[in-house]
There are 2 protein chains.
Amino acid sequence: MEVQIAVAKINKYASSESGDTLEVVERPNGGLSVVLADGQTSGRGAKAVSMMVVRKVIGLLAEGVRDGAAARAASDALYTDKSGKVSCTLNIASVDLETNTLVLSRNNPSPMFICHDDHIDCMDTDSSPLGVRRDIRPVITELELQPGLTIVMYTDGLTHSGKRRGQPMDVCNAIQAMLEDQEPTPQELADSLLAHAVNLDDGRPADDVSVVVIKVRPINGDTVRRMHLRLPLS
Amino acid sequence: MEVQIAVAKINKYASSESGDTLEVVERPNGGLSVVLADGQTSGRGAKAVSMMVVRKVIGLLAEGVRDGAAARAASDALYTDKSGKVSCTLNIASVDLETNTLVLSRNNPSPMFICHDDHIDCMDTDSSPLGVRRDIRPVITELELQPGLTIVMYTDGLTHSGKRRGQPMDVCNAIQAMLEDQEPTPQELADSLLAHAVNLDDGRPADDVSVVVIKVRPINGDTVRRMHLRLPLS
């Protein structure tokens, strides 16, 4: 079995700084966690908030703290720092090799999608962003790691796209169409969702957009861990 | 212009845990840093050491601390924690968008390679790993970010390969051959160096091996940030 993780991320049009922050961190007991945060508003202030949240979460995860506890701690820290006036969404997806599960934590009104082969479940239970109250907790879903599983998570820039023109993006339909027509790689799926959103905004994204796709599949080839990263410079 | 970063990483044969740790972290003033550490010996103890060093370094970098200061701090922390009895190599490669430079910090007897198109420089100034004395400092090289620049850095597993059979790997020659024959992508270069090392060890790596290749090139296509990660599960 192998896990593939793909990320596609673009800034709001004409904005040099993204309010979204994404980091991947190794878990001390095996596996890794993808941490994605979107700070309220955009630009430098939002970036500082999302970096603070992600830094707090990855620091705790690296010490072996459980995902739910890390999310609560980040919420309380943000609430204390900003007196409850600034919110930040948070998604954590962890490949946990201690339990052989995929653990999804969500503090984000935007849903996440869980696909088993081409069957899609939309996880849209009510979920509050971090920092707005004292008692914030994440919605947690734990799934067995097994081939055929695909997870899609994103920041709200994806669902905001097209709203300006009254044609908001239907993310579930877009994923369904991709999965039915072909067997996309995680990178193709992430790129295609992002491109769809950018198109709906006429090539000028109205918000920062980050899309993460995680796929579990039968192992294909060697046992080398690989990472590839592309950073366009303005 | 765009920066591409590729990593290939494999465990020592029959070892479920790698003593090498690699993380990528966003810099608070723009750009990112790749942090690679190799803890002394192998297995669980080495992993704990390299994770401790990398966690210390990325925590400091995320706060805006300069690379050299972060390396010194990690060395002092390791020295204090292990009374100078455990060493750990450290390489940091930072794409610094404040200064538009690539900053390379090395606390590793293994060299790094800097290639301008197909001309290769071997950076092998004496350099001590972290944690063995009080006054450890990194060797720092700062280069202008410009297309045609390729950096290769790795943990010593790469150069140890083949030693068992008296045929140690000549990394410089292997890079030269790749760069002259073709225009490899960073992933092809990293994969090929790793595969070469594994071959020299008859498919059973005698040590953990991590290879990082960073390439600066003219921008090709859109302005989307992308990341792709592959994690084989045993």
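So that the names make sense, note that chain A is the first sequence line, chain B the second, and so on, each numbered from 1. Below, all heavy atoms of this structure are taken into account, side chains as well, without hydrogens, waters or symmetry copies.
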| What option among A:Gln4, A:Lys47, A:Arg44 has the most heavy-atom pairs under 4.5 Å with chain B? | A:Gln4
| task | Report the option among B:Val25, B:Leu97, B:Ile58 that has the most heavy-atom pairs separated by less than 4.5 Å from atoms of chain A. | result | B:Val25
| request: Sort out for me which residue in A:Thr21, A:Leu22, A:Val53, A:Leu90 forms a side chain to side chain contact (heavy atoms under 4.5 Å, CB included) with A:Val35. | output: A:Leu90
| request: Applying side chain to side chain contact (heavy atoms under 4.5 Å, CB included), name anything that partners B:Asp208, two or more places apart in sequence or on another chain. | output: B:Asn11, B:Lys12, B:Ser18, B:Asp20, B:Ser42
| Side chain, backbone, both or neither: which part of B:Arg226 has a non-hydrogen atom closer than 4.5 Å to chain A? | both
| query | Picking from B:Asp191, B:Val198, B:Val209, B:Val212, which has the most non-hydrogen pairs under 4.5 angstrom with chain A? | reply | B:Asp191
| message | Salt bridge check, B:Asp76 against B:Lys56: does any charged N sit closer than 4.0 Å to a carboxylate O? | response | no
| query | What distance separates A:Asp156 CG from A:Lys163 NZ, expressed to the nearest 0.5 Å? | reply | 8.0 Å
| message | Is it the case that over 12 heavy atoms from other parts of the model lie below 6.0 angstrom from the CD atom of A:Gln182? | response | yes
| field | chain A contact via B:Val34 - which portion, at a heavy-atom distance below 4.5 Å | value | neither
| Residue pair A:Gln40 / A:Ser87: nearest heavy atoms and the distance that separates them | OE1-N, 2.6 Å
| task | Quick one: pull up CZ in B:Arg72 and OG in B:Ser105 and give me the separation to the nearest 0.5 Å. | result | 10.0 Å
| Atom CG in A:Asp96, atom CG in A:Leu32: separation rounded to 0.5 Å? | 10.5 Å
| request: Please determine, among A:Met52, A:His228, A:Glu23, A:Glu2, the option with the most heavy-atom pairs under 4.5 Å with chain B. | output: A:His228
| query | Most heavy-atom pairs under 4.5 angstrom with chain B, which of A:Asp222, A:Leu194, A:Val211? | reply | A:Asp222
| message | So if I take each residue of residues 213-220 of chain B and look for any heavy atom under 4.5 Å from a heavy atom in chain A, which residues do I end up with? | response | B:Ile219, B:Asn220
| query | Should A:Asp67 and A:Arg27 be marked as a salt bridge (Lys or Arg N to Asp or Glu O under 4.0 Å) after you check the CA-CA gap, both sets of side-chain angles, and the distance that decides it? | reply | CA-CA 11 Å; A:Asp67 299 27; A:Arg27 296 174 72 82; 3.0 Å; yes
